[in-house]
Amino acid sequence: MPELPEVETVVRGLQASLPGRAVTEVRFGKTDFVDDAGAIEEHVQGSRIAGVERMGKFIRVKLSGNRLGEPGHLANLMIHLGMTGQLKVVPAAEPVVAHTHVFFALDDGRELRYTDIRRFGRMGFVPEGELEDFTGELGKEPLEIRAEEFCERIGSRRARLKALLLDQSVLRGIGNIYADESLFRAKLHPARIAANLPRRKLLDLHRAVREILLEAIRHRGSSVSDYVDSDGNRGEFQLRHRVYQREGKPCHRCKSKIRRIIVAGRSSHYCPHCQLPPRKKR
DNA sequence: AGCTCTTCCTGAAAGC
DNA sequence: TGCTTTCAGGAAGAGC
């Protein structure tokens, strides 16, 4: 599933080919995952792509100069890939693969296409003036947050580490894969209560999250399920997973069998020897 | 505040 | 073989 490293990889691909292009036409298939298809049709068609960036797991396509011709008018197309969303730039003549639901025709004969088997993704039009409302609900970028603030935000909470890492209003961009991999690297059990951690371990976790995300970006993300980047290439970080989807396999550090339990309603993979559970209260 | 359960959706895999 | 059931998962909402 696309999490921060996968979205970052897709965004870097789009940055190489979208800026400067005008959107000549927008077409939709199913629209039940689109916030306001009418608004996208009205405002995106005829606009020019000024840039692409990542905000947590969201892709922000910056648009300028809409069809009504207000020069410098800025707006954004926000896209969340959900579990199976893919964004690809292809020649307009390319055959359409199944479950492709949004088409943005570009002025160079290509198309930006959104494909999403399960339609857990999201797409919406956000005028520049409303962007702050949108981002206000998102937490800090895990690669930008300083250690001090990380300790405050996480360490003040009585929730389980796994739940906090997955909470997009705490940190934005981490999903199940990178939560599990980060906890393994920091040698922390997913069900531990954040507020009970010594500062030392909070710092370990901050560093682990950072290292894991950077390594995953370097390997262009993890291709589990359907993930591919904007050129259709798979990532390679799944080959380096230490716990995620490795239930029953030996831990790379101690050879214990990796376990899978449900924490915060999510599959959580961990090493029972390297990541000791919270101590039972007496 | 934080937990669990449910919903959305499809396809793969397991069960019979 | 072929049909049915179960499960995975990001995010949001309900209810406790």
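Lettering of chains follows the sequences in order, A, B, ..., and the numbering in each one begins at 1.
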Separation of atom CZ in R158(A) from atom P in dC3(B), rounded to whole Å:
10 Å
R119(A) CZ to dT7(B) P, straight-line distance once rounded to whole Å
18 Å
With R54(A), which of E6(A), E141(A), E3(A) fulfils salt bridge (charged side-chain N to carboxylate O under 4.0 Å, His left out)?
E141(A)
So what does D116(A) hit on the nucleic acid, given a heavy-atom distance under 4.0 Å: a base, only sugar-phosphate, or nothing?
nothing
Which whole-number value in Å describes the distance from I117(A) CD1 to dG10(C) C1'?
16 Å
Does the side chain of R157(A) get closer than 4.0 angstrom to OP1 or OP2 of dG2(B) through an N or O atom?
yes
Aromatic ring proximity, centroids under 6.0 angstrom, F33(A) and Y114(A):
yes
Rounded to the nearest Å, what distance is computed from the CD1 atom of residue I261(A) to the P atom of nucleotide dA8(C)?
14 Å
State which of dT4(B), dT10(B), dG9(C) makes the closest approach to the side chain of Y244(A).
dG9(C)
5' to 3', nucleotides 11-16 of chain C under a 4.0 Å protein heavy-atom cut-off (B base, S sugar-phosphate only, - none) gives B-----
Looking at F58(A), I'd like to know if the NZ or CZ of R172(A) sits under 6.0 Å from its six-membered ring centre while staying within 45 degrees of the ring's axis.
no
Any H99(A) side-chain nitrogen or oxygen under 4.0 Å from OP1 or OP2 of dC9(B):
no
R113(A) side chain to A92(A) backbone, donor-acceptor under 3.5 Å
yes
Integer-rounded Å distance: dA1(B) P and D167(A) CG:
12 Å
Between K62(A) (side chain) and P19(A) (backbone), is there a donor-acceptor pair under 3.5 Å?
no
Do T84(A) and R118(A) have side-chain atoms, one donor and one acceptor, less than 3.5 Å apart?
no
Figure out the CG/C1' separation between L171(A) and dG10(C), and round it to whole Å.
16 Å
Side chain of S267(A) (C-beta onward), nearest among dG2(B), dC9(B), dG9(C)
dG9(C)
Would you kindly give the CD-to-P distance between E3(A) and dG10(C), to the nearest whole Å?
6 Å
For the residue pair R27(A) and F103(A), would you count it as a cation-pi contact if the rule is NZ or CZ under 6.0 angstrom from the ring centre and within 45 degrees of the ring axis?
yes
Of all the choices, dG9(C), dC3(B), dT10(B), which nucleotide is nearest to the side chain of M83(A) once you look at every atom?
dG9(C)
Between R118(A) and dA12(B), is there a side-chain N or O to OP1/OP2 distance below 4.0 Å?
no
Separation of dG10(C) atom C1' from L81(A) atom CG, nearest Å, is 11 Å
